[in-house]
Amino acid sequence: MIIRPERDKVRIWSPAKLNLFLEILARRQDGFHELEMLMTTIAIYDRLEFTPDGSGRIRLSCFWKPGYRVLGHDVSPEGRGTTLGDLPTGADNLVWQAIDLIRQNSGEKGSHLGARVSLVKGIPSGSGLGGASGNAAAALLAANECWQLGLPPKRLHELALRLGSDVPFFLTGGMAVCRGRGEIVQPVHDLPRLHFVVVRPPEGLSTPAVYRDCSPAENPASVYPLLSSLRRGDCRDLNHLVVNRLYAPASRLLPWIGRMSREFTDLNCPAHQMSGSGSSYYGLFYNARQARHVASRLRSRRIGTIWSVSSTPPGDNCR
Ligand code: C5P
């Protein structure tokens, strides 16, 4: 998260994430799943601008980044009319919900607090890239800062989990092992910077639909062998270590997933996997030049929107 406070507002660039590991340990009584994940933020961003006022209202406008292209579908200069997913601007948007939630938890002065918020989306939805979760974390941080609420990190974390399982991770970002529903966040500081080619095919996937069709692992894989390999910069067996237990249900729902796996195998990528519940797919590299080379080869195959990006460090956001 990159935070720029200005005179009358705050601007936040909220990053996307990738799951380098996602194992399903159990189905819980509350309908969620017990997970073990390794997540990293990457340099694909949405931009949120939060201007506080005393109107008592939350006014949200939302646009796709102009110039966006998905398989030849250009985004108009106003950023509308795309195949990248819906852009709700009311109470359906997690940003709106985050601001309303923190306002309800800010005591007496809450009723006068208002804001104009603009969100420019660079992260497609239905992608497993955590765009909406990152936006929600950014909105909590922005409101806490601009409305001078002074909520401590622990309280922000509690509110974040009420908004979504991945939202607590985004409060700090960087690389972390996440457990429970995703809210037990253990930062990992000793991994090298990693480089990725990320492909978002022309169709997205619904997270609840993918989880509905998944099964907890009978012999769960562990994240530790992957952490050791990444620390050593080792490519051997890397492709077997970047597990995603949601790959099978996602690929049953969307043939693009299997197609992308074959494309990366064909290009001799050392490790590749789907992110989260899909539909985005990534290749992992220790070297940025190699990632750029694979990205340029994939671009000619017209399989979706393609980025060549790196992991990003954690922010110092919870002040
Ligand atoms: O928490 P969040 O709203 O992001 O979850 C979206 C959906 O993903 C849930 O409704 C549930 O179907 C699934 N999920 C799950 N177990 C988790 C996280 C998410 O089953 N730990």
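The analysis underlying the following values was restricted to heavy atoms, covering all of them including side chains, and did not include hydrogens, waters or symmetry mates. All values derive from a computational prediction rather than experimental measurement. Positions are given from 1, in the same order as the sequence printed here. Whatever order the structure lists them in is the order used to number ligands and atoms, beginning at 1.
In terms of N/O distances under 3.5 Å, ligand 1 is not approached by Y211.
Checking side-chain atoms of E23 against main-chain N and O of E36 turns up no donor-acceptor pair under 3.5 Å. Between the E49 side chain and the I12 main chain, no donor and acceptor come within less than 3.5 Å of each other.
We find that E263 and R259 are joined by a salt bridge, their nearest charged nitrogen and carboxylate oxygen being less than 4.0 Å apart.
Residue contacts with ligand 1 for F32 involve both N, CA, C or O and side-chain atoms from C-beta outward (heavy atoms, distance under 4.0 Å).
For atom 3 (O) of ligand 1, the nearest non-hydrogen atom from the set P208, G164, A132 belongs to G164.
Applying the 4.0 Å criterion to heavy atoms of H33 picks out, from ligand 1, the atoms 15 (C), 16 (N), 17 (C), 20 (O), 21 (N). Set against the non-hydrogen atoms of G31, the atoms of ligand 1 under 4.0 Å away are 20 (O).
Considering only non-hydrogen protein atoms, atom 8 (O) of ligand 1 sits nearest to T207 CG2, 3.2 Å. For atom 18 (C) of ligand 1, the nearest non-hydrogen atom of the protein is S165 OG, 3.4 Å.
Here W307 and Y282 keep their ring centres 6.0 angstrom or further from each other. Between H272 and F264, the ring center distance clears the sub-6.0 Å criterion.
No hydrogens or angles considered: a donor-acceptor pair under 3.5 Å links the side chains of S14 and N135.
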